[in-house]
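Worth saying up front: this structure is predicted, and the values here are computed from it rather than measured. The figures that follow rest on heavy atoms only: side chains count, while hydrogens, waters and symmetry mates do not.
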Amino acid sequence: MIYTVTFNPSLDYIVTVDDFKLGLTNRTTTELMLPGGKGINVSIVLSNLGVKNTAFYFSAGFIGEEITRRIEESGINADYIRVEKGNSRINLKLKSIDGTEINGMGPDITEDNVEELMKKLDQVTRGDILVLAGSIPSTMPDSIYSDIMERLENRGVKIVVDATKDLLLNVLKFKPFLIKPNNHELGDIFGVELKTRESVIPYAKKLQEMGAKNVVVSMAGEGAVLIGSDGSVVMSEAPKGTLVNGVGAGDSMVAGFIAGWLQDGKLERAFKMGLAAGSASAFSEYLATKEEVMKIYNSIA
């Protein structure tokens, strides 16, 4: 079974406002409301690709109930922890002004809530894949992902981590199966600017030396790089297409990699599927369908 964890899920309200004027009443010309959060995005794309999975997440108030309804509509097993105080986030994404976003705070997650999640994670067992993705509420320690990995250590679970800075660095000692920084996040870790596929290779290898088994670095329009556990280095330019919505492209890449790897355990196939899924979502209004992913997959040399 595939499991994802999302600490701070959201209901994303995506709107377009033509000729936005500050300080005046503006009216939307397009509206879209979708469940959000990196782990949930991974779950949705996995489901689109025909991979059954369970989403663990924290849910609060009526917004949390709506997030759950929409997750279940996507064919995902929603296994949530109810948070009593506050509401899950609403994130406002204003498409017409350079991708301007206003993200909500989310509820206060208690120690009891975290312990309930830990107990749910005890069902994860050998051969399963667990995805830890995205930011965490400010009230939680940067060790939470590594705490989860320590709890699951020696159980034979393959863990995928898509996070930044300390959240990512703290897990490396537990040898995650896959990590997926983008080139900017990788550069921030080492204090360098990385613009080309060749330039990311030595720094991705450093993360591998620190414990990660496989490292995929996404680079938006520049493509992606894989540093494989088998010693392989695979680079690819980005598939051709028109950027429509970059939100969720990295999460789609994670889902595609997992779906590809599940087919036959070949890293190069997994990388190609990840690249196709990430690109397909970037070229779509919403997260990519299987048809969209496979069309790009079949076009990649």
Check your understanding: Between Asp112 and Thr110, is any side-chain donor less than 3.5 angstrom from a side-chain acceptor?
Key -> no
Review point. Can the positive tip of Lys180 be found less than 6.0 Å from the middle of the six-membered ring of Phe257, inside 45° of the ring normal?
Key: no
Point to revise | Nearest-0.5 Å distance, CG of residue Asp12 to CG of residue Leu32 | key: 9.0 Å
Exercise for review: Heavy atoms only: give me the nearest Pro9-Ile67 pair and the separation to one decimal.
Suggested key: C-CD1, 4.2 Å
**Study point:** Gap separating the NZ atom of Lys213 from the CD1 atom of Ile179, nearest 0.5 angstrom
**Key:** 13.0 Å
Check your understanding: Is Glu193 salt-bridged to Lys195, going by a charged N under 4.0 Å from an acidic O?
Key -> yes
Exercise for review: Side-chain contact test, heavy atoms from C-beta onward, threshold under 4.5 Å: evaluate it for Thr28 versus Thr16 and give yes or no.
Suggested key: no
Review point. Any side-chain heavy-atom pair from Leu267 and Asn214 closer than 4.5 angstrom?
Key: yes
Review point. Knowing that exactly one of Asn77, Val42, Ile2 qualifies, which makes a side-chain contact (heavy atoms from CB on, under 4.5 Å) with Asn53?
Key: Ile2
Check your understanding: Is Lys119 paired with Glu116 through a side-chain N to carboxylate O contact shorter than 4.0 Å?
Key -> no
Revision key, fill the gap. Taken to the nearest 0.5 Å, the spacing of Ser146 OG from Leu168 CG works out to 11.0 Å
Review point. Are Ile76 and Thr54 close enough, and set up right, to give a side chain to side chain contact (heavy atoms under 4.5 Å, CB included), and what steps lead you there?
Key: CA-CA 6 Å; Ile76 298 158; Thr54 293; over 6 Å; no
Check your understanding: Does one side chain, of Thr68 or Glu65, offer a donor that lies under 3.5 Å from an acceptor on the other?
Key -> no
Review point. Nearest 0.5 Å, what's the OG-CD distance between Ser143 and Glu150?
Key: 9.5 Å
Exercise for review: Please step through side chain to side chain contact (heavy atoms under 4.5 Å, CB included) for the pair Glu222 and Glu237, ending with a clear verdict.
Suggested key: CA-CA 6 Å; Glu222 288 299 310; Glu237 62 182 6; over 6 Å; no
Review point. Should Glu291 and Lys295 count as an ion pair when the cut-off is N to O under 4.0 Å?
Key: no
Review point. Less than 4.5 Å apart, any side-chain heavy atom of Met273 and any of Glu268?
Key: no
Point to revise | side chain to side chain donor-acceptor pair (under 3.5 Å) contacts in which one or both residues fall within residues 157-176, not counting sequence neighbours | key: Lys38-Asp162
Review point. Just wondering, do Ile136 and Tyr145 contact through their side chains at under 4.5 Å, heavy atoms?
Key: yes
Exercise for review: Find the distance between CG (Asn91) and CE (Met33) and round it off to the nearest 0.5 Å.
Suggested key: 11.0 Å
Practice item. Answer with yes or no whether the side chains of Ser199 and Thr196 bring together a donor and an acceptor at under 3.5 Å. Key: yes
**Study point:** Ion pair Glu73/Arg69, N-O distance below 4.0 Å
**Key:** yes
Check your understanding: Is it the case that more than 12 heavy atoms not belonging to Asp108 sit under 6.0 Å from its CG atom?
Key -> no
Check your understanding: Would you call Lys266 and Trp261 a side-chain contact if the rule is heavy atoms closer than 4.5 Å?
Key -> no
Check your understanding: Is there a side-chain contact between Met253 and Leu275 (heavy atoms, below 4.5 Å)?
Key -> yes
Practice item. Measure the shortest side-chain to side-chain distance between Tyr286 and Ile44 over non-hydrogen atoms and say whether it is less than 4.5 angstrom. Key: yes
Exercise for review: Report the C-alpha separation of Asn8 and Arg89 in whole Å, then their side-chain angles, then the decisive distance to 0.1 Å, and conclude whether the side chain to side chain contact (heavy atoms under 4.5 Å, CB included) test is met.
Suggested key: CA-CA 7 Å; Asn8 219 354; Arg89 301 185 297 166; 3.6 Å; yes
Practice item. Please round to the nearest 0.5 Å and tell me the distance separating atom OH of Tyr3 and atom CD1 of Ile159. Key: 13.0 Å
Study note, to complete from the structure: Which of Asp128, Asp122, Leu130, Leu121 passes side-chain contact (heavy atoms from CB on, under 4.5 Å) with Arg155? Answer is Asp122
Study note, to complete from the structure: Partner of Phe56 under side-chain contact (heavy atoms from CB on, under 4.5 Å), picked from Val131, Thr4, Asp79, Leu132, is Asp79
Revision key, fill the gap. Closest heavy-atom pair, Gly260 versus Arg269, reported as atoms and distance to 0.1 Å, is O-CD, 3.5 Å
**Study point:** Leu24 atom CG, neighbour heavy-atom count above 12 within 6.0 Å
**Key:** yes
Exercise for review: Taking the side chain as every heavy atom from C-beta outward, state whether Tyr13 and Lys93 have any atom pair closer than 4.5 Å.
Suggested key: no
Practice item. Find out whether the Lys NZ or Arg CZ of Lys206 is both under 6.0 angstrom from the six-membered ring centre of Phe190 and within 45° of the ring's axis. Key: yes
Review point. Do Glu153 and Phe174 pass the side chain to side chain contact (heavy atoms under 4.5 Å, CB included) test, and can you show the C-alpha distance, the side-chain angles, and the key distance before you say yes or no?
Key: CA-CA 7 Å; Glu153 196 173 18; Phe174 295 107; 3.7 Å; yes
